[in-house]
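Worksheet for the structure shown next.
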2 protein chains.
Amino acid sequence: MAAQTQPKQAEAKLLVVEDDANILELLSASLRFAGFDVSTATSGSAAVSAAKNSTPDLVVLDVMLPDLDGFEVIRLMREGGQRTPVVFLTARDGTDDKIRGLTLGGDDYVTKPFSLEELTARIRAVLRRTTQGDEEPSRLVFADLELDEETHEVYRAGQRVQLSPTEFKLLRYLMLNANRVLSKAQILDHVWKYDFRGDDNIVESYISYLRRKVDNVQPRLIHTLRGVGYVLRKPAV
Amino acid sequence: MAAQTQPKQAEAKLLVVEDDANILELLSASLRFAGFDVSTATSGSAAVSAAKNSTPDLVVLDVMLPDLDGFEVIRLMREGGQRTPVVFLTARDGTDDKIRGLTLGGDDYVTKPFSLEELTARIRAVLRRTTQGDEEPSRLVFADLELDEETHEVYRAGQRVQLSPTEFKLLRYLMLNANRVLSKAQILDHVWKYDFRGDDNIVESYISYLRRKVDNVQPRLIHTLRGVGYVLRKPAV
DNA sequence: ACGGCGGCTGAAAGTTTTCTGAGAGGCCGC
DNA sequence: GCGGCCTCTCAGAAAACTTTCAGCCGCCGT
């Protein structure tokens, strides 16, 4: 789906390490769909040997694993001389001592429960930072709409627009999927945390907020397809 | 990340000597990420031969090592004719006689536990002093904000401002990463000592102090990105 | 033209995040 | 040992954001 919009990073090899089968399935399916080359492991030791064999470009790693914990996994991987960047998945309570220092080597972390947009945004950001050479742009552009993933700045027709976190995530998702029709269910699945149990109306609300903030000038870019979903596109000729 | 902001020193070769695996990992990851070319050793003898082979521009050296102590290492290195500058890592009790006089030869030391900003600032300072030719500026400037790393003087709009040590470190970190969004976790990881176990609120407190002291005039430079972090930047156009 | 469904949006309630004043405790210099 | 600065914590207030709800509107099919 997002494959076309992530030209270089799309083919990046990810190793996803997570012992919860549901979450692993969720992650590998959607990351594959996003164009990544995904392999998986469900334990720390499996992860270490998988990393040795497949030399992933980035590891998505649950810190809580049945055997080794995530920090051990990284230690072992790096002892072998690998410098693979990591996005850690951690429990909500940031009081875990070891979480300190996670952002140091260009790595990052995402707390559970997360939204898929959040996770893929972090993955993109870390790959951007750690991939030398070909500079991935952090700026999404569609028509006269611009969104900078690093600085969180959004412009419409050159004007700076302030967005709340959810508005920002929703707009990024629409832009990454420009010209593709997205159902409310899809949007909910990607932009909201995976444990969200509210209904579709919240998507309508946020589309409404976004329209007010970034789609209040001609030409209109956010379109409703009644009974189907929403799409970001330039008006028909 | 900080790579772009350390143009010349960035490529400097460092040899990091430290026997504690956790701290070594912490150091090598973040110094590499800061753009240094890092090699490591975990014992004094290994350090001596590593220094012979790789001729680093600077050595980061734990004084307390399993075999030789740091001073021995340096003595052996220098017997071989090398005049590599050193930043020592020492235990808290600065009463150790040998530490006296360390700063005489252009070297310096940092006591454990340290913050990464503290260490990288010392490394920058020593490199600045010992690298002839291309003068690294010790003065950071952003808009009408100026910070001198050597004299610890800070000016906003030409006015001298007094900052406490932590305020100074925080501001320097923000300035070194101007226009880059920094999460509270990142700030904590870089500005606070690695054994700090408090929570994010302390970052908010210090941002508040800084705002009062250096950001109480227009235009505001320290901005909050709700749910994301802080950024030092000039207001939107 | 009518009724019904889907969508839009204002408003209110609920929640989270950030800001900041106050104060405890530690360290340092005198 | 005292006073002053500094760091860190706590808690309340303020602000921002999220979610829900309900009424309205307009499209669509009959």
Side-chain angles (χ1 to χ4, degrees), chain A residues 92-95 100 111 113-115 117-118 152 154 161-171 173-174 181-188 191-216 220 222-231, chain B residues 92-95 111 113-115 117-118 152 154 161-171 173 181-188 191-216 220 222-231:
Chain A
R92 175 98 208 94
D93 77 277
T95 54
R100 282 298 315 286
T111 57
F114 50 82
S115 70
E117 270 302 286
E118 222 166 290
H152 275 234
V154 173
V161 179
Q162 295 278 358
L163 298 185
S164 79
T166 303
E167 289 162 1
F168 183 86
K169 274 180 260 174
L170 174 56
L171 181 59
Y173 183 56
L174 292 176
V181 177
L182 303 168
S183 70
K184 278 179 262 197
Q186 254 174 323
I187 293 174
L188 220 40
V191 177
W192 269 261
K193 296 172 198 292
Y194 56 70
D195 65 347
F196 180 75
R197 284 286 163 273
D199 77 357
D200 281 1
N201 175 246
I202 197 165
V203 177
E204 299 168 11
S205 285
Y206 272 88
I207 288 284
S208 172
Y209 297 150
L210 264 192
R211 281 179 165 147
R212 205 169 320 171
K213 289 186 177 180
V214 305
D215 210 21
N216 51 0
R220 296 288 140 80
I222 301 176
H223 304 275
T224 303
L225 296 186
R226 207 181 159 78
V228 185
Y230 298 96
V231 61
Chain B
R92 177 93 208 100
D93 74 278
T95 54
T111 57
F114 49 83
S115 71
E117 271 302 286
E118 224 166 291
H152 274 230
V154 173
V161 178
Q162 294 282 355
L163 298 185
S164 78
T166 303
E167 289 162 359
F168 183 86
K169 272 180 264 176
L170 174 56
L171 181 59
Y173 184 57
V181 177
L182 303 170
S183 68
K184 279 181 266 203
Q186 259 174 319
I187 293 174
L188 218 42
V191 177
W192 268 261
K193 297 171 198 292
Y194 55 72
D195 66 346
F196 179 75
R197 284 287 166 273
D199 75 359
D200 281 359
N201 175 247
I202 196 162
V203 177
E204 298 167 14
S205 286
Y206 271 86
I207 287 282
S208 176
Y209 299 152
L210 265 192
R211 281 181 166 144
R212 207 169 316 172
K213 290 188 177 180
V214 304
D215 210 23
N216 50 0
R220 296 287 139 80
I222 301 176
H223 304 274
T224 302
L225 295 187
R226 200 158 231 268
V228 184
Y230 298 96
V231 61

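Throughout, protein chains are lettered first and strands after them, A, B, ... in sequence-line order, and every chain is numbered starting at 1.
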Legend entry - Which atom of A:His152 lies closest to which atom of B:Leu225, heavy atoms considered: CB-CD1, 4.1 Å
Legend entry - Nucleotide D:dC8, atom C1' - distance to NZ of B:Lys193 in whole Å: 13 Å
Legend entry - Separation of atom CG in A:Asp200 from atom C1' in D:dT18, rounded to whole Å: 16 Å
Inset, instruction - Answer with base, sugar-phosphate or nothing: what part of the nucleic acid does A:Lys184 contact at a heavy-atom distance below 4.0 Å? - result: sugar-phosphate
Legend entry - Separation of atom OH in A:Tyr209 from atom P in D:dA16, rounded to whole Å: 15 Å
Legend entry - Spacing of B:Gln186 atom CD and B:Tyr230 atom OH [to the nearest 0.5 Å]: 13.5 Å
Inset, instruction - Please name the pair of heavy atoms, one in A:Val191 and one in A:Leu170, separated by the smallest distance, quoted to 0.1 Å. - result: CG1-N, 3.9 Å
Legend entry - N or O in side chain of A:Trp192 less than 4.0 angstrom from D:dT18 OP1/OP2: no
Inset, instruction - Check whether any side-chain N or O of B:Ser164 sits under 4.0 Å from OP1 or OP2 of D:dC6, and answer yes or no. - result: no
Legend entry - Gap between atom CD1 of B:Ile187 and atom OG of B:Ser115 - 0.5 Å precision: 13.0 Å
Inset, instruction - Can you pull out how bent the helix from C:dA1-D:dT30 to C:dC30-D:dG1 is, comparing the axes over its first five and last five pairs, to 10°? - result: 20°
Legend entry - Euclidean distance, atom CD of residue B:Glu167 to atom P of C:dT20 [Å, nearest integer]: 14 Å
Legend entry - B:Gln162 CD to D:dG4 C1', straight-line distance once rounded to whole Å: 15 Å
Legend entry - Distance test, side-chain N/O of B:Thr166 to OP1/OP2 of D:dC6, below 4.0 Å: no
Inset, instruction - Look at all strands and tell whether A:Tyr206 reaches a base, only sugar-phosphate, or nothing, counting heavy atoms closer than 4.0 Å. - result: base
Legend entry - Side-chain N or O of A:Ser205 closer than 4.0 Å to phosphate OP1/OP2 of D:dT19: no
Legend entry - d(CG, B:Leu163; P, D:dC5) in whole Å: 15 Å
Legend entry - Integer-rounded Å distance: D:dC6 P and B:Ile202 CD1: 14 Å
Legend entry - B:Leu182 CG to B:Tyr173 OH distance, which is reported to the nearest 0.5 Å: 5.0 Å
Legend entry - Side-chain donor/acceptor of A:Asp215 to backbone N/O of A:Ile222, under 3.5 Å: yes
Legend entry - Where A:Gln162 and A:Glu167 come nearest, the two heavy atoms and their spacing: O-OE1, 4.3 Å
Inset, instruction - Would you please confirm or rule out a distance under 4.0 Å between OP1 or OP2 of C:dG10 and any side-chain N or O of A:Arg212? - result: yes
Legend entry - A:Ser208 vs C:dT9: side-chain N/O to OP1/OP2 distance below 4.0 Å: yes
Inset, instruction - Could you check how far CD1 of A:Ile207 sits from P of D:dT18, rounded to whole Å? - result: 14 Å
Inset, instruction - List the steps, then state whether side-chain contact (heavy atoms from CB on, under 4.5 Å) holds for A:Asp199 with A:Leu188. - result: CA-CA 9 Å; A:Asp199 77 357; A:Leu188 220 40; over 6 Å; no
Inset, instruction - Assign each of A:Asp199 and B:Pro165 to its nearest nucleotide of DNA chain D by heavy atoms, then name whichever residue's nucleotide is nearer the 5' end. - result: B:Pro165
Inset, instruction - Give the nucleotide from the list C:dT20, D:dC28, D:dC8 with an atom nearest to the side chain of B:Asn201. - result: C:dT20
Inset, instruction - Determine: side-chain N/O of A:Tyr230 to OP1/OP2 of C:dC8, distance under 4.0 Å, yes or no. - result: yes
Legend entry - A:Arg226 side-chain N/O to D:dC28 phosphate OP1/OP2 under 4.0 Å: no
